[in-house]
Structure formats: structure tokens, C-alpha cells
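Structure record follows, encoded as C-alpha cells.
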Amino acid sequence: MSYWNPVEVMPLPELKALQLKQLKMLVYKLYTFSPFYRQKMKDAGVTPEDVQELEDVRKLPLMNKKDLRDGYPDKLFLASPREVVRYHASSGTTGKPTIVGYTQNDIEAWSESVARGLVSAGVGTDDVLQVCYTYGLFSGGLGLHYGAEKVGAAVVPASTGNTERQIDLVRDLNVTVITATPSYLLHIGEVAEKMGLDLKKDTKLRLGILGAEPWSERMRDRIYERLGIKAIDIYGTSELSGPLWCECSEQNGIHVWADITLVEILDPITGEPVPPGEKGELVVTMLLKEALPIVRYRTGDITTVHEEVCACGRTHPRIGRIQGRVDDMIIVRGINVFPSQVEHSLMQHPEVGNEFQIVVDRKGALDTILVKVELRPEAFGDRLFELDAIKDRLTHKLRDALNVGVNVEIVEPGSLPRFEGKAKRVVDKRVY
Ligand code: DLL
């Protein structure tokens, strides 16, 4: 088993001591130098002396995306413009972007996090790694790029788009690792098939580093089955830096580097911590970030935390697969519906293709959900008469899973929109 940095297997007591030291230094620095954090801490009646144990992090005030948006473009920055070496931005849902600045040390800590994750997933100097996340203000492309270069893989900075050319590159450059959103990877698979190429046989692809959008275990199975690729889950958000942590080759949770980051899982309503293994909102403190400090940031993502040492020997905590968001859940007739639940249900049916769309509408006072589903082309064949039966099965399955009435429409394979970046699964037509 190889590690990128010995800190990954540091005994827990030492790791926690290191984390506490970083936390205390951070709080002291912010209280002294950051008007934003000093004010927030004063409002909460907390001083740096109040942080003596790791658990004391809970005394610090929470922050969220609105704080960052209100600080547009750089009101929350602690570094001077001279120290900033990079900007990225996330557009969010309201249109106004959040700007994230990086010092050289920020870039270093970010690439270090990604490098550790890639090595833990089995990426090394012999690999050719194609980055199919967008390069630009979105942090996905450059985040993977810097991490992969650090570990010495040969990077193909393909970005998104021109899918046929992406496939040519995979074949001609003997690409072994591909990084993309899971939905784009499946689209690449479909296009390859149309080009008469079998990614399993005709390329050297063996590993996918997939994230930036919700996906499921079923999708993981499907990717393996159809493309012959081991699929690794990678998580991050622009505010925290970008893609940051991924699963190791054990595929049993996403390793969070505790010397760089402190994570909490809180009940999203009460703000109280939930026990390890139970679902709650992921709240993150970045211990080393300089340009845009992040303390107790509410990601809005629902997951679990696991503190046992991983079978790979790494001692740092792991988070489970992201199970939805606190805020992009659709509320239909008072019931919370997550697109990930829909995906999970649909993907259990072998005849269902890779694409679906959830259309929410309002008829009179009643909200309605229509799930448009593509079947695999094979499901049509000469068994057309079975379509009604399939539709009924999917409808019942979704109703059971979501606890709300759902209609299903079977649509032609290839007719739903494809996405090169994050898939947009929900169309909400309700007028409020
Ligand atoms: O998506 C950063 C990233 C790039 C992550 C490349 C992984 C790979 P944002 O655009 O700010 O940043 O979106 C962050 O995407 O809060 C989650 O809701 C969602 N997300 C990211 N990774 C995963 C994942 C990038 N593995 C938001 N599973 C987050 C589920 C994910 N959701």
C-alpha cells in the first residue's frame, strides 16, 4: 500500500493534536486579522481562548453561501491582492457568483489534498489521466490537473466538449484514468458505442474519478458493467477550494484530510451534531486556507461521517456518499424529494437507460411530478408490448420510494438533454 504523505497514517491521538493546533492558530489569526470573523465571533460571544478542545469548534458561528455572496467579490479575503495567485468562481443558483481567491499556499494545500486522494485511489506515475471537467472559473478542471501533475501522472487537459475527440484521445494516448462528472462519462460511453468503439476492449481505461454531482451505487455498478471502469467518488465545492477528497481503492467512504480540514455532521434544523454514521449536513472548516478563510461552512450536502480507521490504513475520517442536498430537494405536496432517490430507484431496473428528467408542475393547487425516463435501446426491440408493464413497474417503485404520487413517461433513447458538466435533472415549472 503506498501513501502520498506519511501524515495519512498518523496515529489518531497525534492527528487530533495536530488538528487542534491548526484550529487554534486559525481562530487566533481570524480573530486578530479578519473583520468579518472577528465580528461574527464577537456576536457569538466567543474569543480564541474559548477554543481549547476540538469539540470547542461548535462554539464558533456557522456560515453559509449567503455570507460569501454578500462578501462579493473579496470582502472576506484575508490575503492582499498581491498575495492572491488565482481566482475561481461558482455561479450558484441566483446568478451572482461567489469568488474564491487562492494564495500560493492555498494552491499547494489544495493540490496536496487531491494528490493524496488520487494516490489512494491507485493513480501513479505510470498513468495517463484525462481531465474532462471544465477548465476555467469552475474549479474542477484545474483542481484535478494540479493534483494529477503533482503525483506525476501524464495529464491530458481535455476539458469538456467535443466528445468524439475526447474518445480519440482516450484511445490514442492510452489514457488509463478519466475524470468527469458521472453523467458525462456515461455520455462518453454512449458516443463511443456509436463510433463502434468498445471502451473495455479498445482502450486502456481502468479508473474513473467521478463527482461534482449526485450519483449512486447503482450508477457505479452500471459504469463498471458497461465501460469496465472502476469508479471512484470525488467530492468538493468551489468555496472549499474545488474537488478535494475522494475514495481510496477500498471504495468505502471519501477520506477527508484532517490536518487540512475539520468536518462536522450537524442536524440541519437544530444545528446539533449527529452521531457518527447518522445522516446530517456536512459542515466544513478549512484549517489552512489563507485568501478566503472558511470556518464552519454549511455545505448543504447531506452525508454521514465514519471515524474508524479504513482498511487501507489511513487514519483520517471518511464521509459517505452525498445523499442529497438540504436545499435542492424538491418539496412536492409537503414531501421532500431528492433527485438522488429517483435515480436510485430507477437504476435498479435493468431496462432503464442512463438519463431521466424530473418535471415538477402545478395543476390547480396540486403539485405534480412527471419522471421522464429513457429506456435502453435493447428494451424496445420486438418487445414493444412490454412498455406499459415497464411504465407501471417504474411508477409503483417511484411512488413507494418517494411517498408521493408520480407519473412516468417513457421517452425515446437519446431524446433527453445530455450534459458535458453537471447534469440538470429537475425542471420546475411551478409559478410561485
Ligand atoms: O463541483 C467541485 C468538484 C469538481 C467536485 C470536480 C468534484 C469534482 P461546485 O460547482 O461548487 O464544486 O459544486 C459543489 O456539487 O455542494 C455538492 O452538492 C455537489 N457535489 C460535488 N461532488 C459531489 C459528489 C464542484 N461526489 C456541489 N457527489 C456540492 C454528490 C457532489 N454531489
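Owing to the predicted nature of the structure, the values given are computational and were not obtained by experimental measurement. Numbers here simply count residues along the sequence, with the first being 1. When a ligand or atom number is given, it counts from 1 through the structure's own listing order.
Remark: Arg314 is not positioned above the aromatic ring of Tyr3, lacking an NZ or CZ atom under 6.0 angstrom from the ring centre and at most 45 degrees off the axis. Cation-pi geometry between Arg38 and Phe33 is not met at under 6.0 angstrom from the ring centre and within 45 degrees of the axis.
Relative ring orientation between Trp110 and His88 is described as perpendicular, the plane-to-plane angle rising above 60° on a 0-90° scale split at 30° and 60°.
The shortest side-chain heavy-atom distance between Val170 and Ile178 falls under the 4.5 Å cut-off.
Defined by atom type and a distance below 3.5 Å, a donor-acceptor pair is present between the side-chain atoms of Asp233 and Trp215.
For Tyr102, the side chain to side chain donor-acceptor pair (under 3.5 Å) test picks out no residue, with sequence neighbours left out.
Using a heavy-atom distance under 4.0 Å as the criterion, the protein contacts of ligand 1 are Tyr133, Phe138, Gly140, Gly211, Ala212, Glu213, Pro214, Asp233, Ile234, Tyr235, Gly236, Thr237, Ser238, Pro243, Asp301, Ile322, Arg325, Lys422.
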